[in-house]
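See structure below.
Throughout, a chain's letter reflects where its sequence line sits, starting with A, and its residues are numbered from 1. Worth saying up front: this structure is predicted, and the values here are computed from it rather than measured.
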Amino acid sequence: MIDLKALAEDAAYRAGAIRKGFDSADVDRLNALNEGFKASLAATESLRAESNAMSKAIGNAAPEERQAKIAEAGEFKTRLQESEESLAGLKTEMETLALTVPNPAHETVPDGGEDDYRVEKEVGEQTPEPKFNHAELGEHLSIVDTKKAVAISGSRFAYVLGDAVRMQFALVQWMMDRLSKHHFVPAVVPVLVREDMMVDAGFFPGDRDSVYELERDELFLVGTSEVGLAGLHRGERLDVDNLPLRYVGYSSCFRREAGTYGKDTAGLFRVHQFDKVEMFVYSHPDRSWDELELLLQLEEETFQQLELPYRVITVAAGDLGGAAAKKYDVEVWIPSEGRYRELTSCSNYTDFSGRRMGTRIKTDDGNVAVHTLNGTACAIGRTLLAIFENHQNADGSLNVPKVLQPYCGGLEVIEPR
RNA sequence: GGAGAGAUGGCAGAGUGGACGAUUGCGUCGGUCUUGAAAACCGUUGAGCCUACGGGUUCCGGGGGUUCGAAUCCCCCUCUCUCCGCCA
């Protein structure tokens with residue numbers, strides 16, 4: 001949820017929403033609705049005050065006066081009801097529209113759409129094209145099987161097998177160890193959540209099509225553990241002294257990938273179900289931009305230590321999604337494709353989700369919505385795939401990255417079985 | 001899945017149609033006393049929204065309803081607990 005007051009009064013805030021593609025006519029319409037709502041609220045409340053006073057008077061009235069007063073109050077009530085109905089109508093209209101307004105882009109975010117990102121840095125030397133692409137290598141080493149998965153679940157599912165599974169849990173354990181040094185509290189979160197949780201976390205109504213719905217139980221399968229982590233302090237007031245609160249979630253993630261037919265059909269890159277380690281931070285508003293830089297730094301270190309060449313981009317305003325005010329993508333070099341592909345990202349949602357969740361902090365200026373941030377610690381499927389491509393030997397065997405070897409029982413090389 | 005009980009402020013727990021935004025206890029914060037602390041005593045202490053900053057209004061799990069008036073009565077939903085069944 002955006003800050004309606006800021007949208008009306010703060011030109012920069014308004015401009016940030018419009019840069020994300022929101023119609024400026026709708027901003028005007030929303031502001032007008034808000035004004036109308038406030039006027040109607042004041043009118044309704046003063047009628048209500050009158051009505052309350054009348055009721056109170058009945059309680060205190062002498063018995064012989066009661067009937068007359070009750071009749072009078074009954075007549076007055078219809079006026080109040082009319083006013084209440086029109087107020088409710090305005091409120092619904094305003095809230096429905098307000099929910100569609102995106103969190104304004106930060107001033108450091110470039111204009112434009114998907115292709116208008118800004119490259120911040122490139123690190124590492126691009127690996128030459130390997131013998132096998134990631135999908136081929138997975139089959140070659142019998143550590144990924146998509147054909148069998150298709151038979152039981154349809155396209156975009158995969159089995160991860162054998163030493164790849166050892167690497168998967170090595171990645172998880174390694175991340176947990178590293179993040180615990182930065183006081184991230186580990187969390188395994190619910191992957192089935194209610195609709196209002198999807199709204200409050202900032203995903204609905206915008207991303208509804210990309211989420212699996214279990215209609216019979218009125219539950220939704222989350223696309224990221226971020227949903228569960230964002231809901232952890234719903235309705236709470238957090239103590240300033242405990243901030244920042246950092247969590248690291250682990251869960252399976254489910255995505256419908258609607259509208260991506262024909263894209264990335266091979267291997268693990270784009271599947272309906274994958275496991276992910278996710279960072280999530282509750283921050284004081286004054287500190288959230290520093291926290292974003294920390295998340296980025298942690299993500300970069302991951303690829304430095306895994307010895308994967310990468311670059312960092314700042315995503316352009318039009319490609320940010322509803323909730324993020326700013327987002328970095330960290331893209332790893334995929335030599336078989338000759339391009340960088342997104343492996344992790346981190347975003348500052350500022351107060352967008354905190355306001356919906358009712359997660360607030362007590363400050364000298366009263367209670368304010370907490371800022372929330374999230375960042376991918378490790379999207380496991382894509383990380384495995386990047387390792388397949390970048391650590392492949394000429395003979396088609398695969399080197400286990402050095403930092404993961406201790407977590408894989410000393411395993412150094414994966415050979416065909 | 002079946003049967004029953006419940007949901008009230010930071011926590012515990014009263015309140016069953018008008019005096020209740022809510023008794024009380026604990027906790028919180030401030031003070032008295034004390035070299036300091038504890039104890040004791042005195043006081044303080046929920047949140048949202050609107051505001052011409054005087055105030056107004058809403059909130060007792062959520063949503064509807066009855067009534068001039070609802071924490072209290074009625075309906076629906078959600079959740080929690082107990083017993084049975086099932087189960088990693």
Side-chain angles (χ1 to χ4, degrees), chain A residues 1-9 30-99 188-200 204 213-220 227-228 231-243 245 250-252 351-370:
Chain A
M1 177 67 79
I2 29 77
D3 182 342
L4 286 175
K5 202 168 184 172
L7 193 68
E9 293 168 7
L30 182 56
N31 286 338
L33 275 169
N34 192 22
E35 282 307 308
F37 169 77
K38 281 202 255 183
S40 174
L41 180 67
T44 305
E45 286 190 347
S46 74
L47 285 175
R48 209 176 276 155
E50 222 176 310
S51 169
N52 287 344
M54 285 171 129
S55 294
K56 207 155 229 170
I58 291 167
N60 298 329
E64 63 272 18
E65 292 176 343
R66 279 209 171 179
Q67 278 318 312
K69 281 179 185 284
I70 288 173
E72 191 193 351
E75 268 172 53
F76 189 80
K77 198 184 161 188
T78 44
R79 280 178 61 196
L80 176 59
Q81 278 171 341
E82 281 168 23
S83 183
E84 279 176 338
E85 273 166 38
S86 98
L87 178 68
L90 276 169
K91 189 179 182 196
T92 306
E93 197 182 342
M94 180 179 76
E95 284 179 346
T96 305
L97 182 57
L99 221 46
V188 176
V189 305
V191 295
L192 285 166
V193 302
R194 294 231 185 87
E195 181 172 11
D196 50 359
M197 201 48 63
M198 295 301 285
V199 173
D200 289 355
F204 283 7
E213 177 174 0
L214 279 73
E215 215 170 319
R216 180 172 166 182
D217 296 291
E218 295 183 71
L219 290 168
F220 297 82
V227 181
L232 204 48
H233 295 292
R234 194 171 195 229
E236 291 181 23
R237 269 182 308 156
L238 303 178
D239 192 337
V240 181
D241 298 335
N242 292 337
L243 298 176
L245 274 176
Y250 174 73
S251 80
S252 291
D351 59 6
F352 190 78
S353 169
R355 186 175 293 111
R356 289 187 184 183
M357 284 286 179
T359 306
R360 291 162 299 158
I361 52 177
K362 206 163 199 162
T363 71
D364 296 337
D365 308 323
N367 295 324
V368 298
V370 76

*For RNA chain B, which residues in residues 30-57 of chain A have a heavy atom at a distance below 4.0 Å?*
A:Lys38, A:Leu41, A:Glu45, A:Arg48, A:Ala49, A:Asn52, A:Ser55
*asked:* Looking at A:Glu236 and A:Arg360, is any side-chain nitrogen of the basic one under 4.0 Å from a carboxylate oxygen of the acidic one?
replied: no
*Just name whichever nucleotide pairs with B:C49, Watson-Crick or G-U, keeping both distances under 3.5 Å, else none.*
B:G56
*Should B:G62 be called syn or anti, with syn set as within 90° of 0?*
anti
_Nearest-angstrom distance from the residue atom CZ of A:Arg79 to P of B:C68_ = 17 Å
*Of all the heavy-atom pairs spanning A:Leu33 and A:Met94, show the shortest one and how long it is.*
CD1-CA, 4.0 Å
*Rounded off to whole Å, could you give me the CZ-to-P distance for the A:Phe76 and B:U67 pair?*
18 Å
*For atom P, what is the distance between B:G46 and B:G63, given to the nearest Å?*
23 Å
*B:G25 and B:C42: how far apart are their P atoms, nearest whole angstrom?*
10 Å
*What distance, rounded to whole Å, do you find between the two P atoms, one in B:U32 and one in B:A38?*
13 Å
*asked:* For A:Gly354, is there any backbone N or O sitting under 3.5 Å from a side-chain donor or acceptor partner on A:Asp351?
replied: no
*Closest-nucleotide ordering on RNA chain B, the 5'-leading residue of A:Gln81 and A:Lys77*: A:Gln81
*Produce a footprint string for nucleotides 70-75 of chain B: one letter per nucleotide, 5' end first; B if the base is under 4.0 Å from any protein heavy atom, S if only the sugar-phosphate is, - if neither.*
------
*Write down the distance separating the P atoms in B:U44 and B:U82, rounded off to the nearest Å.*
40 Å
*Classify the nucleic acid contact of A:Arg237 as base, sugar-phosphate or nothing, counting any heavy atom under 4.0 Å across all strands shown.*
sugar-phosphate
*Could you give the distance from CG (A:Leu87) to CD (A:Glu82), rounded to the nearest 0.5 Å?*
13.5 Å
*Gap between atoms CG and C1', on A:Asp196 and B:G61 respectively (whole Å)*: 13 Å
*Rounded off to whole Å, could you give me the CG-to-P distance for the A:Leu80 and B:G56 pair?*
17 Å
*Specify the separation, in whole Å, of atom CZ of A:Arg356 and atom C1' of B:G48.*
18 Å
*In whole Å, what separates the C1' atom of B:C41 from that of B:C77?*
49 Å
*Rounded to the nearest angstrom, tell me the gap between atom CG in A:Leu4 and atom C1' in B:C49.*
12 Å
*So, the side chain of A:Arg66 versus the backbone of A:Ile58: is there a donor-acceptor pair under 3.5 Å, distance only?*
yes
_Donor-acceptor check, side chain of A:Ser353 to backbone of A:Asp200, threshold 3.5 angstrom: yes or no?_
yes
*asked:* Within this structure, what is the CG-OG1 distance for the pair A:Leu80 and A:Thr78, rounded to the nearest 0.5 Å?
replied: 9.0 Å
*Do A:Phe204 and A:Glu195 have side-chain heavy atoms sitting under 4.5 Å apart?*
yes
*For A:Thr92 and A:Ala88, indicate whether the former's side chain and the latter's backbone hold a donor-acceptor pair under 3.5 Å.*
yes
*asked:* When the P atoms of B:U66 and B:C75 are compared, how many Å lie between them, rounded to an integer?
replied: 15 Å
*Is a side-chain donor or acceptor of A:Arg356 paired with a backbone partner of A:Ile2 at a separation under 3.5 angstrom?*
no
*Please determine if a side-chain N or O atom of A:Arg194 lies less than 4.0 Å away from the OP1 or OP2 oxygen of B:C79.*
yes
*Is the backbone N or O of A:Gly36 less than 3.5 Å from a side-chain atom of A:Ser40, with the two atoms forming a donor-acceptor pair by type?*
no
*Rounded distance in Å between the P positions of B:C59 and B:A22*: 14 Å
*asked:* Taking 4.0 Å as the cut-off, does a side-chain nitrogen or oxygen of A:Arg360 come that near to OP1 or OP2 on B:G48?
replied: yes
*Calculate the interatomic distance between A:Ile58 atom CD1 and B:G17 atom P; express it in whole Å.*
18 Å
*Write down the partner of B:A12 under the Watson-Crick or G-U wobble criteria, each distance required to be under 3.5 Å.*
B:U24
*Integer angstrom distance from the C1' of B:U51 to that of B:U58*: 15 Å
*Between B:C79 (P) and A:Arg234 (CZ): distance, integer Å*: 13 Å
*Across all strands shown, which nucleotide pairs with B:G4 by Watson-Crick or G-U wobble geometry, both distances under 3.5 Å?*
B:C81
*Paired with B:A71 by Watson-Crick or G-U wobble geometry, both distances under 3.5 Å: which nucleotide is it?*
none
